[in-house]
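The structure appears below as structure tokens.
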Amino acid sequence: MEIWLNQSYTDDFVLLGIFSHSSTDLVLFSAVMMVFIVALCGNVLLICLIFMDPQLHTPMYFFLSQLSLMDLMLVCTNVPKMAANFLSGRKSISFLGCGMQIGLFVCLVGSEGLLLGLMAYDRYVAISHPLHYPIRMSQRVCLQIAGSSWVFGIIDGLIQMVVVMTFPYCGLREVDHFFCEMLSLLKLACIDTSIFENVIFACCVFMLFLPFSIIVASYARILRTVLHMHSAQAVRKALATCSSHLTAVFLFYGAAMFIYLRPKRYRAPSHDKVVSVFYTVLTPMLNPLIYSLRNREVMGALRKGLDFSKLQDCQPPL
């Protein structure tokens, strides 16, 4: 056992990746990198707009800035290493680097899932109890919601990273993925990990269905409130403010449930890698687009920022 542990700390893992060097895969790799750049720029821009525009200093946009920060960190956790390996031809990743990828990935996915659930509660209070909204969603409450999401994800990520990286690994140490995905890594362990995998499955069920139950309960109450509204304009406003969040929820939870809640006999590495690209690259790109293109306040802040830049450019030098 000691020999295996020592070997685990000294030897690298090999990431088999998702792309070959065929012409088709070169096009697909270029497309993924374009999506990565858009996700990077979109989330940075959204964070800056929310920070700089006083009209966006509300609980909803504070949570949205935290969501964008999580998405920004998520795309930077796996994609740069995948791109570096593809372009250099080297597929290795150090033991420490693999552990860091697992910890960060689990932390960010867990934090984002819980934050999306708690954002549904924010929408419920805003629509069903608008007069009590400033009290129920005070600055202290918002900080507690965001902080609990981060702490929950960090603890989960640290626990899973420490446990997974203490297993002994042997053989070719080839991870059939484009990043150190935990389930793919466990296949290389030299010991039986079935008990730990069952624990992980139970944790995934809890991590997905706890926030998902908050979402379902919140939107059930929102629907009841909307059905009692007499103004068509109020109904449209309520539905518009929820549609962006619901779209983000379906994108995130649909992909996460597909990967982590399927029975083992239905899992295929090729399917997992494609879906992983979807919710580690594509979803972080779509979130800022969903919340900006369908949101008047964000688009207004963007226009003000562009107008201010034009005025600065037009001013003569002193």
Side-chain angles (χ1 to χ4, degrees), residues 15 32 35-36 38-44 46-47 50 62-83 93 96-120 143 145-165 175 177-185 200 203-212 214-215 245 248-261 272-273 275-288 290-291:
L15 299 176
V32 169
V35 171
F36 168 71
V38 173
L40 207 64
C41 297
N43 284 289
V44 169
L46 194 55
I47 292 171
I50 293 171
F62 170 71
F63 295 139
L64 183 54
S65 69
Q66 297 300 299
L67 184 67
S68 291
L69 180 59
M70 292 172 185
D71 282 337
L72 185 63
M73 294 176 66
L74 185 61
V75 295
C76 292
T77 298
N78 302 326
V79 178
K81 180 61 178 174
M82 177 198 72
I93 184 171
L96 180 61
C98 192
M100 291 294 291
Q101 274 196 344
I102 290 175
L104 285 171
F105 179 78
V106 174
C107 164
L108 294 168
V109 170
S111 297
E112 185 166 339
L114 182 58
L115 183 62
L116 282 171
L118 295 174
M119 286 173 71
L143 290 174
I145 288 175
S148 63
S149 299
W150 281 106
V151 170
F152 175 79
I154 289 171
I155 293 174
D156 186 42
L158 283 174
I159 292 174
Q160 294 195 35
M161 178 187 70
V162 171
V163 174
V164 170
M165 302 316 289
V175 182
H177 219 290
F178 63 89
F179 68 97
C180 275
E181 198 268 338
M182 184 174 56
L183 296 179
S184 300
L185 190 66
I200 291 299
C203 288
C204 288
V205 171
F206 174 77
M207 289 173 61
L208 288 171
F209 281 101
L210 172 65
F212 195 73
I214 298 174
I215 293 169
H245 178 255
V249 165
F250 286 131
L251 289 173
F252 180 86
Y253 281 94
M257 288 180 178
F258 178 83
I259 288 204
Y260 295 107
L261 298 187
D272 289 346
K273 285 189 278 190
V275 178
S276 293
V277 170
F278 181 84
Y279 78 92
T280 59
V281 186
L282 190 62
T283 301
M285 180 206 72
L286 291 175
N287 279 344
I290 291 169
Y291 279 101

V75 side chain near M285 side chain, heavy-atom distance below 4.5 Å: no
With sequence neighbours excluded, tell me which residues meet side-chain hydrogen bond (donor to acceptor under 3.5 Å, both in side chains) with S276. H177
Pair I145, M119 - check side chain to side chain contact (heavy atoms under 4.5 Å, CB included), show working. CA-CA 9 Å; I145 288 175; M119 286 173 71; over 6 Å; no
Between atom OG of S111 and atom CG of L116, what is the distance when rounded to the nearest 0.5 Å? 11.0 Å
Evaluate the criterion side chain to side chain contact (heavy atoms under 4.5 Å, CB included) for residue pair V106 and M161; output intermediate values, then yes/no. CA-CA 8 Å; V106 174; M161 178 187 70; over 6 Å; no
For atom CZ of F212, decide whether the heavy atoms of other residues, nucleotides or ligands shown that lie under 6.0 angstrom number more than 12. no
L96 CG to Q101 CD distance, which is reported to the nearest 0.5 Å: 11.0 Å
Apply salt bridge (Lys or Arg N to Asp or Glu O under 4.0 Å) to K273 and list each qualifying residue two or more places apart in sequence or on a separate chain. D176
Nearest 0.5 angstrom please: T77 OG1 to M70 CE, how far? 12.5 Å
Hey, what do you get for CZ (F63) to CD1 (I50), rounding to the nearest 0.5 Å? 12.0 Å
Within this structure, what is the CD1-CD1 distance for the pair I155 and I159, rounded to the nearest 0.5 Å? 6.5 Å
Check whether any side-chain heavy atom of F105 lies under 4.5 Å from a side-chain heavy atom of L74, and answer yes or no. yes
side-chain hydrogen bond (donor to acceptor under 3.5 Å, both in side chains) partners for T283, two or more places apart: none
Does Y279 have any side-chain hydrogen bond (donor to acceptor under 3.5 Å, both in side chains) partners at least two apart in sequence or in another chain, and if so, which? Y260
Side-chain heavy atoms of L15 within contact of C180, under 4.5 Å: yes
For V164, check side chain to side chain contact (heavy atoms under 4.5 Å, CB included) against everything at least two apart and list the hits. I102, Y169, M182, L185, L186, F196
Check the pair N43 / L69 against side chain to side chain contact (heavy atoms under 4.5 Å, CB included), numbers first and verdict last. CA-CA 7 Å; N43 284 289; L69 180 59; over 6 Å; no
How close do C98 and M165 get, counting heavy atoms only, and between which atoms? CB-CE, 4.3 Å
Kindly indicate whether the side chain of E112, heavy atoms from C-beta on, has any atom under 4.5 Å from the side chain of V109. no
Might you point out which heavy atoms bring I47 and S68 nearest each other, and give the distance in Å? CG1-CB, 3.7 Å
Across all chains, not counting sequence neighbours, the disulfide (SG to SG under 2.5 Å) partners of C107 are none
Minimum-distance pair of heavy atoms, taken over all atoms of F178 and V277: CE2-CG2, 3.6 Å
Got a second to check how far L72's CG is from L108's CG, nearest 0.5 Å? 10.0 Å
Could you tell me which residues satisfy side-chain hydrogen bond (donor to acceptor under 3.5 Å, both in side chains) with D71, sequence neighbours excluded, listed by chain and number? N287
Side chain to side chain contact (heavy atoms under 4.5 Å, CB included) involving L286 - partner list, sequence neighbours excluded: L251, L282, I290
Are the side chain of Y253 and the backbone of G113 linked by a donor-acceptor contact shorter than 3.5 Å? yes
Does atom CE of M257 have more than 12 heavy-atom neighbours, drawn from other residues, nucleotides or ligands, at distances under 6.0 Å? yes
Kindly indicate whether the side chain of I93, heavy atoms from C-beta on, has any atom under 4.5 Å from the side chain of F179. no
Quick test of your reading: applying side-chain hydrogen bond (donor to acceptor under 3.5 Å, both in side chains), list the pairs with at least one residue in residues 147-157, sequence neighbours left out, ordered by first then second residue. Q66-W150, D156-Q160
Residues two or more places apart in sequence or in another chain: which of them pass ring pair (Phe, Tyr, Trp, His ring centres under 6.0 Å) with F62? none
Side chains of F36 and P284 in contact at under 4.5 Å (non-hydrogen atoms): no
Under the ring pair (Phe, Tyr, Trp, His ring centres under 6.0 Å) rule, collect the residues that match up with F152, sequence neighbours excluded. none
Could you tabulate the donor-acceptor pairs under 3.5 Å formed by side-chain atoms of residues 204-211, not counting sequence neighbours?
none

